[in-house]
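Remarks on the structure that follows.
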Amino acid sequence: MCGIIGYTTRKDNSVEVAVNGLKNLEYRGYDSSGIAFFDGEKIDIVKAKGKIANLDDKLASQDTKACCAIAHTRWATHGEPNEANAHPHNVGKVTLVHNGIIENYAVLKEDLKAKGYSFNSDTDTEVAAAYLDYCYSQTGDKLQALVDACDSIRGSYAFDVIYEDEPTTIYATRKDSPLVVGYAHDGNFAASDISAILDYTNKYSLINEGEFVKITKDIVTFYDKDLNKIEKKSETATWDANQYQKNGYDHFMLKEIYEQPKVINDIFERYYTDCSYKDIDFSKFDKIHIVACGSAMHASLVGKYLLQTYGKIPVMVEIASEYRYSEELITPSTLLIVVSQSGETADTLAALRLAKEKGAYVVGIVNAVGSTIAREVDKCIYTYAGPEIAVATTKGYTSQVAIFSTLALMAMEEKGYLTQETAKEIKEDMLSIEPKINDVIANREKYLDIANDIYNHNDLFFLGRGIDSSVCMEGSLKLKEISYMHSESYSAGELKHGTISLIDKGTPVISIATDEKLFEKTVSNIKETKARGSYSIFVTTENHGDDHSEFADKTIILPKTTDFTEPILTVVALQLVAYETAKLRGCDIDKPRNLAKSVTVE
Ligand code: F6R
């Protein structure tokens, strides 16, 4: 949530560079933005409500030559999205941008008011700026003031700070929110992630928790909390700036949907060539907990199904923000798998830290290389799906499912459940997935046709059993987050226990039945909704024939594969139905209202 970037340079283009970088961070929040820059005499601050384009418009009408700038794109936590609450915040000699939440801001604010400070916004960040100004007034030392302020601040933060009396130097630090330093030809950066700086450099260093950094146009110096200097090597990012472009697609979401065949194929190929995680020994643990949020939690439910059904291991899936309430179940013989595309989700991070405190072994399934979760787990399995820019995840989710498929396969191998014949069948299935996903994507006209049927409805239901019911949850989330249609996902057999009262004439019901064993039961449930007037959209596999007109108004037929890949094919169809529906409703597909890509607050 929120993206920050600071740039200090030998040239005078820091505003242009910082705003350009900010645009690549817009996925982290987009309800307001702002920039502070040193114009040679004083620090100017410009802010705008709404998307960064609005900030750009304001900046266009003024002289923005500046050698140092810090900028921010916001996802509101404290205070409504307006200019007063937008960052940067200036108090006394301090101007700063912040990503995170200051949990004890109310206490600090009262204390600062008593010391004579007054406030112009509702934010926790302005309190942090005031507190830092106070610390600076006490020590007269900029780094020491930052250390002292961080000692008293509780919560999460990544700060880029400039002081009025040294306006070309950026001071930075972080705790529980990401921040990287970038080394470019003409100057240096401190930004929320590498995407913000890739247009200028691929050389970066991660700032660890509790480190403090002084950044000038020529030199970057790292310090520990006792202000001893730390030597740090630079790393080279492998993602390139091109991956952050739409490359001809109308939306990042569409581009990322189209990237899935290759991403998934690469995961399966790696499994059969150089799999780095084959050494996880399931027999060492008496239980598996899988913890994640949102779509990553939905991928975990598919993982649970596969690990339980094929690996015969009991698995508990928990929403990360609820996991702490299961604390008594975490023991040193627990294998915790945390799943996160961004690797920065605060709730997931808190769950992993709790489990480590309790002695559990923690494996992460993570996309963002070098992210906090990736660094803190005992073992990280990277999905290597590449940058995901659209706020609604697509390849992030399917790549997590693909990793779970390989883990279930591993568990089967380890426990001796994998016969030669089954191993051959699954291997052939996995290694032939790419053209099958392409076939599903190619059915675009069908998805548009269905979108046309449903886009002007307000309520919709997804129904499925077994593995299909987990996929339904993701299909439903995709639709509601990007099209703003209310949708519910229900286990097909559960509907009649109450929710069926909501089915009315014309209510769209999307039902999934890919599992042979459950096909007839699911069809019975669909008929129950049909009898009450539903508009039935049926998703099934080719082996069930192609005439389902008895209970389906529209049908999507998928290639028949195994449980290890079928959920991926199914969800791709649902992603495209959601995409086409959101497009017809004129929604902002890549940046749905109220959301942010990286949820770094609990
Ligand atoms: C939905 C979506 C979210 C994320 C969730 C967890 O499209 O993207 O539900 O899945 O916020 O995020 P990560 O995977 O980054 O931990």
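For reference, positions follow the sequence shown, starting with 1. Both ligands and their constituent atoms are indexed starting at 1 by order of listing.
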Is a donor on one side and an acceptor on the other found under 3.5 Å between the side chain of [X] and the backbone of [Y]?
{"X": "Asn99", "Y": "Ile4", "result": "no"}
{"X": "Tyr30", "Y": "Leu595", "result": "yes"}
{"X": "Thr540", "Y": "Ala513", "result": "yes"}

Relative to the heavy atoms of [X], which atoms of ligand 1 are at a distance of less than 4.0 Å?
{"X": "Val391", "value": "8 (O)"}
{"X": "Ser340", "value": "13 (P), 14 (O), 15 (O), 16 (O)"}
{"X": "Thr345", "value": "12 (O), 13 (P), 15 (O), 16 (O)"}
{"X": "Ala296", "value": "10 (O), 14 (O)"}
{"X": "Gln341", "value": "13 (P), 14 (O), 15 (O), 16 (O)"}

So that I know where these two stand, are Tyr535 and His457 an aromatic pair - ring centroids less than 6.0 Å apart?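 Ring-ring flag for Tyr535/His457: false, centres at least 6.0 Å apart.
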Proximity of His289 and Tyr323 rings by center, below 6.0 Å: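 Ring centroids of His289 and Tyr323 are less than 6.0 Å from each other.
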Location of contacts on Glu344 toward ligand 1, heavy atoms closer than 4.0 Å: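 For Glu344, no heavy atom sits under 4.0 Å from ligand 1.
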Which bit of Glu481 is near ligand 1, meaning a heavy atom under 4.0 Å away: side chain, backbone, both or neither?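 It is the side chain that touches ligand 1; the backbone stays farther off.
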Aromatic plane relationship, His486 with Phe461 - under 30° parallel, 30 to 60° tilted, over 60° perpendicular: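 Judged by the thresholds at 30° and 60°, the geometry between Phe461 and His486 is perpendicular.
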Look only at interatomic distance and state if Thr348 has a nitrogen or oxygen under 3.5 Å from any nitrogen or oxygen of ligand 1.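 Not met; the criterion fails.
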Are the charged groups of Glu488 and Lys480 less than 4.0 angstrom apart, N to O?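 So Glu488 does not pair with Lys480 through a salt bridge.
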Report yes or no: does [X] have a heavy atom closer than 4.0 Å to ligand 1?
{"X": "Ile373", "result": "no"}
{"X": "Lys478", "result": "yes"}
{"X": "Ala392", "result": "yes"}

Side-chain donor-acceptor pair present, Glu26, Thr73, cut-off under 3.5 Å: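 The criterion, which ignores hydrogens and geometry beyond distance, is not satisfied for Thr73 and Glu26.
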Who's closest to atom 4 (C) of ligand 1 heavy-atom-wise, of Ser371, Ser295, Ala578?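 Nearest heavy atom to atom 4 (C) of ligand 1 lies in Ser295.
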